[in-house]
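For ligands, and for the atoms within them, numbers begin at 1 and follow the listed sequence. Values in this document were obtained by computation on a predicted structure and should not be read as measured data.
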Amino acid sequence: MKKKILVTGGAGYIGSHVIKALGEKGYEILIYDNLSTGYKELVLYGELVIGDIADITVFDRVIEDFKPDAVMHFAASIQVHESVLNPLKYYRNNTINTLNLVELLLKKKIRHFIFSSTAAVYGTPESTEPVSELSLLKPINPYGASKMAVEYMLKDLSPVEKDFNYISLRYFNVAGADQEGRIGQKYHEATHLITRCLKAAKAEISRLEIYGTDYSTPDGTCIRDYIHVDDIAEAHIVALEYLFKKSINDIFNCGYGHGYSVREVVKTAKEVTGVDFPVEEAGRRAGDPPYLVADNTKIREELGWKPKHDDLSYIVKTAWNWEKKL
Ligand code: UFG
């Protein structure tokens with residue numbers, strides 16, 4: 001019998017790549033998405049139900065009818081800057097909605113839960129070593145705090161709800177797109193570095209601004225761990241399969257374990273696109289840690305995750321193929 005997976009936010013960027021991976025594996029999928037930042041056309045497999053997780057009565061009925069074996073929860077608000085301006089939106093959409101969802105799963109005796117967390121829970125790491133899952137959690141914005149609150153909630157729940165198991169995946173800088181260009185990132189307003197480089201290459205924005213060149217890093221710009229979205233999707237598959245086999249409650253970083261500076265990303269984007277787009281050195285953006293790289297030992301050793309696309313050119317190339325089609 002095919003296992004049934006319910007995916008909230010499955011019409012979004014990361015969710016849609018996970019749907020593709022689940023579909024290719026033959027899972028039966030139901031997507032629940034309010035399409036606030038998702039798009040129908042990104043959903044390659046499964047049935048899409050348009051609805052909001054805040055609408056708990058409708059969601060209750062959807063779960064009752066579908067009877068999932070596991071739930072993957074992507075639906076969330078994810079803009080750091082917006083979270084600073086409107087923190088309550090983040091605590092409502094990310095923390096309270098997840099609490100209500102988990103309560104519903106307990107009521108319906110659904111035992112497997114995968115939660116989308118973020119490297120933003122680490123805030124500004126004190127050293128330039130890759131951060132492990134045991135590093136101090138010190139979010140510096142409401143987005144990170146709203147996700148950290150859920151992690152604490154799940155951890156506190158585990159000793160009392162022994163039949164309920166979860167894995168939280170902490171994403172680092174997710175980028176890139178489907179190799180065949182079927183799906184990719186499609187945001188109303190692009191804020192991420194790689195996407196903005198590509199918009200500059202398309203002359204959709206006049207120039208790429210580098211936010212801060214005086215950081216204590218080798219070239220003065222911030223370093224991030226860019227991970228291809230299909231490798232993130234694969235992390236969800238291994239996590240899900242592990243949850244079906246073992247009763248664990250755990251947290252894993254999702255990154256490659258090494259990073260690139262903003263200048264290195266800009267250079268790669270120029271090479272891949274063949275466009276020498278204008279670049280301007282600007283001031284620092286508030287809340288940017290200088291260095292944020294995952295220690296990925298745990299997910300590799302414990303879940304057997306093997307990334308396939310640890311290659312910045314490939315990441316930018318797939319994103320560029322997609323971007324040209326938009
Ligand atoms: N940057 C620029 N110019 C731009 C856009 C970004 O210089 O036009 C820089 C940023 O200052 C940063 C780096 O590029 O140093 C990466 O920025 P992104 O906006 O692409 O990504 P973030 O590192 O800010 O965001 C990621 C995740 C968030 C998470 C955060 C934690 O996308 O979900 O890391 O720090 F919260």
Not counting sequence neighbours, list each pair that qualifies as a salt bridge (charged side-chain N to carboxylate O under 4.0 Å, His left out) and has a residue in residues 216-231. Lys20-Asp230, Arg224-Asp288

Just checking, is any N or O donor in the side chain of Gln79 or Tyr90 under 3.5 Å from an acceptor N or O on the other one? no

Decide ring pair (Phe, Tyr, Trp, His ring centres under 6.0 Å) for His236 and Phe74; before the verdict, give the C-alpha distance in whole Å, the side-chain angles of both, and the deciding distance to 0.1 Å. CA-CA 11 Å; His236 287 77; Phe74 296 92; 5.1 Å; yes

If you look only at pairs with a residue in residues 283-313, which of them pass as a ring-ring contact (aromatic ring centres under 6.0 Å, His included), with sequence neighbours excluded? His228-His309, His309-Tyr314

Test salt bridge (Lys or Arg N to Asp or Glu O under 4.0 Å) applied to Arg61 - qualifying residues, sequence neighbours left out: none

Residue contacts for ligand 1, heavy atom to ligand atom, distance under 4.0 Å: Val80, Thr118, Ala120, Tyr143, Asn173, Thr191, His192, Leu193, Arg196, Leu208, Glu209, Ile210, Tyr211, Cys222, Arg224, Tyr226, Val262, Arg285, Asp288, Leu292

Once the angle between the rings of Phe113 and Phe115 is folded into 0 to 90°, is it parallel (under 30°), tilted (30 to 60°) or perpendicular (over 60°)? parallel

